[in-house]
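A, B, ... follow the sequence lines: proteins, then strands. Residue 1 opens every chain. Predicted model, so just to flag it, every value in this text is computed and none were measured.
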2 protein chains.
Amino acid sequence: MAAIKLSEKQKELIEKLGIMLERSGTTPAQARIIALLMISDRVELSFDEIRETLQLSKSATSNGLNTLLMADRITYTTKMGDRKRYFKSKMATLGTDFEKQFNQLVKVKEIFQEILENRTKETPEFNDKMAKLIDFLDYFQQEFPALMKKWETRQ
Amino acid sequence: MAAIKLSEKQKELIEKLGIMLERSGTTPAQARIIALLMISDRVELSFDEIRETLQLSKSATSNGLNTLLMADRITYTTKMGDRKRYFKSKMATLGTDFEKQFNQLVKVKEIFQEILENRTKETPEFNDKMAKLIDFLDYFQQEFPALMKKWETRQ
DNA sequence: TTTTTAGTTCTGCAATAAGAGAACTAAATT
DNA sequence: AATTTAGTTCTCTTATTGCAGAACTAAAAA
């Protein structure tokens with residue numbers, strides 16, 4: 001019995017955050033793992049603690065953890081004289097997610113640019129709308145780092 | 001034979017943009033429809049033009065178009081003395097997508113806040129990181145509208 | 001040397017999803 | 001009145017996914 005005791009509120013929050021995370025592309029098992037690591041009182045949990053708390057199979061736990069490790073959304077620590085790994089949420093996750101979305105935006109802009117360059121010139125109205133959109137993406141991209149910096153210095 | 005003639009470059013761009021769109025949650029058929037409407041020389045295409053150009057079945061075309069209409073990612077116009085509907089890309093799409101992501105961010109922030117409020121106080125280091133993240137999200141949320149406005153006036 | 005630990009890997013199943021194809025429908029044409 | 005048009009809806013197939021359960025493995029402990 002390695003299961004972690006959770007309050008009803010904690011369970012509720014795990015499901016709630018879990019659903020949000022699922023919507024951004026993780027599997028239910030992965031989503032719950034991330035959520036658990038953010039919500040449980042202990043910040044580092046072992047394989048079996050995660051498995052039993054979330055009532056997952058070994059395979060789901062193993063695959064979930066490894067996928068999250070590879071995606072760099074969690075890490076683990078080890079302790080001397082203890083073979084277990086202790087997994088913890090990478091708080092950077094959202095910073096990373098954010099950056100990922102930003103990079104995605106850059107790509108969208110680039111494709112849009114390529115599309116516009118290859119569009120017929122017979123549809124100026126449409127093309128102008130597209131150009132405007134691209135311009136906004138470009139502007140956002142330019143301004144965002146400054147926004148970041150401003151926040152950092154404000155800290 | 002209602003199919004639209006596309007250059008190799010146009011076909012390539014449809015697939016390229018299609019894949020990006022699929023990653024953000026649309027089906028392949030939907031993704032190609034959106035892409036086609038952004039790339040084809042004619043800005044408004046009929047049901048059969050879309051169907052034949054993309055080599056889709058009637059059902060896939062019908063369901064795809066209706067889903068996109070409901071999601072407000074495309075619109076259509078009609079012409080007098082012509083029963084067909086002519087579908088066109090809503091250039092606003094990306095503005096909307098952008099806004100959607102922004103709203104998503106607001107929700108993420110809110111859940112994080114709720115989590116933090118319910119966290120044990122025994123883990124100050126972890127909690128501080130979380131607080132910092134929340135603060136950034138909050139900051140971004142606050143600053144974003146101003147950024148938008150600045151762009152608009154610059155136009 | 002045997003057993004235990006801390007996982008990993010390998011089937012296999014159940015649920016879901018995307019889309020084809022055919023049958024259908026309602027309005028407009030002939 | 002019969003046919004065509006412009007789709008819609010229904011059924012079925014195929015592919016994929018998420019996960020359970022069991023078998024397996026490598027290192028450490030007994």
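- Going from atom CG of Leu68(B) over to atom P of dA18(C) covers 12 Å, rounded to whole Å.
- Shown for residues 14-33 of chain A: residues whose heavy atoms fall under 4.0 angstrom of DNA chain D, namely Thr27(A), Pro28(A), Ala29(A).
- Smallest separation of non-hydrogen atoms from Arg23(B) and Lys107(A): NH2-CD, 4.5 Å.
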Show me, pair by pair, the donor-acceptor contacts under 3.5 angstrom made by side chains of residues 60-69 of chain A, not counting sequence neighbours?
| residue | atom | partner | partner atom | Å |
| --- | --- | --- | --- | --- |
| Thr61(A) | OG1 | Ser57(A) | O | 2.7 |
| Asn63(A) | ND2 | Ser59(A) | O | 3.2 |
| Asn66(A) | ND2 | Ser62(A) | O | 3.1 |
| Thr67(A) | OG1 | Asn63(A) | O | 2.7 |

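- Considering every non-hydrogen atom in both Gly18(A) and Ala35(A), the closest pair reads N-CB, 4.3 Å.
- Per the geometry, CG belonging to Asn63(B) stands 15 Å off P belonging to dG21(C), to the nearest Å.
- Contact between Glu22(A) and Pro28(A) at its shortest, heavy atoms only, is OE1-CG, 3.6 Å.
- Inspection of the Asp138(B) and Gln113(B) side chains reveals no N or O donor paired with an N or O acceptor under 3.5 Å.
- Distance CZ (Arg51(A)) to C1' (dT5(C)): 13 Å, rounded to an integer number of Å.
- Pairs of Watson-Crick or G-U wobble type, with distances under 3.5 Å, assemble into runs of 3 or more in DNA chain C at these ranges: C:1-30 with D:1-30.
- As judged by a 4.0 angstrom heavy-atom cut-off over every strand, Asp48(B) is placed among residues making no nucleic acid contact.
- Within 6.0 Å of atom NZ in Lys132(A), 12 or fewer heavy atoms from other residues, nucleotides or ligands are found, so the atom counts as exposed in its surroundings.
- Residue Leu6(A) forms a side chain to side chain contact (heavy atoms under 4.5 Å, CB included) with just one option from Asp41(A), Leu54(A), Leu36(A), and that option is Leu36(A).
- A 4.0 Å heavy-atom criterion places the boundary nucleotides of DNA chain D facing chain A at dG18(D) to dA28(D), written 5' to 3'.
- Thr77(B) has its side chain out of reach of Phe87(B): every pair of non-hydrogen atoms, C-beta onward, lies at least 4.5 Å apart.
- Applying the ring pair (Phe, Tyr, Trp, His ring centres under 6.0 Å) test to every pair with at least one member in residues 24-68 of chain B, sequence neighbours left out, gives no pairs at all.
- The base of dG21(C) sits with one of its N or O atoms less than 3.5 Å from a complementary donor or acceptor on the side chain of Ser59(B).
- If you take CD of Gln55(B) and C1' of dG21(C), they are 16 Å apart, rounded to a whole angstrom.
- With DNA chain D read from its 5' end, the first of the two nearest nucleotides for Ala60(A) and Ser46(B) is the one closest to Ser46(B).
- Lys84(B) comes within contact range of the sugar-phosphate backbone alone, with a heavy-atom separation under 4.0 Å but no base atom that close.
- In this structure, the CG atom of Leu56(B) is 10 Å from the C1' atom of dA20(C), given to the nearest Å.
- Among pairs with a residue in residues 42-60 of chain A, those fulfilling salt bridge (Lys or Arg N to Asp or Glu O under 4.0 Å) read Arg42(A)-Glu49(A), Glu44(A)-Lys79(A), Glu44(A)-Lys88(A), Asp48(A)-Arg51(A), at least two apart in sequence or across chains.
- Side chains of Glu143(B) and Trp151(A) form no contact here, defined as non-hydrogen atoms less than 4.5 Å apart.
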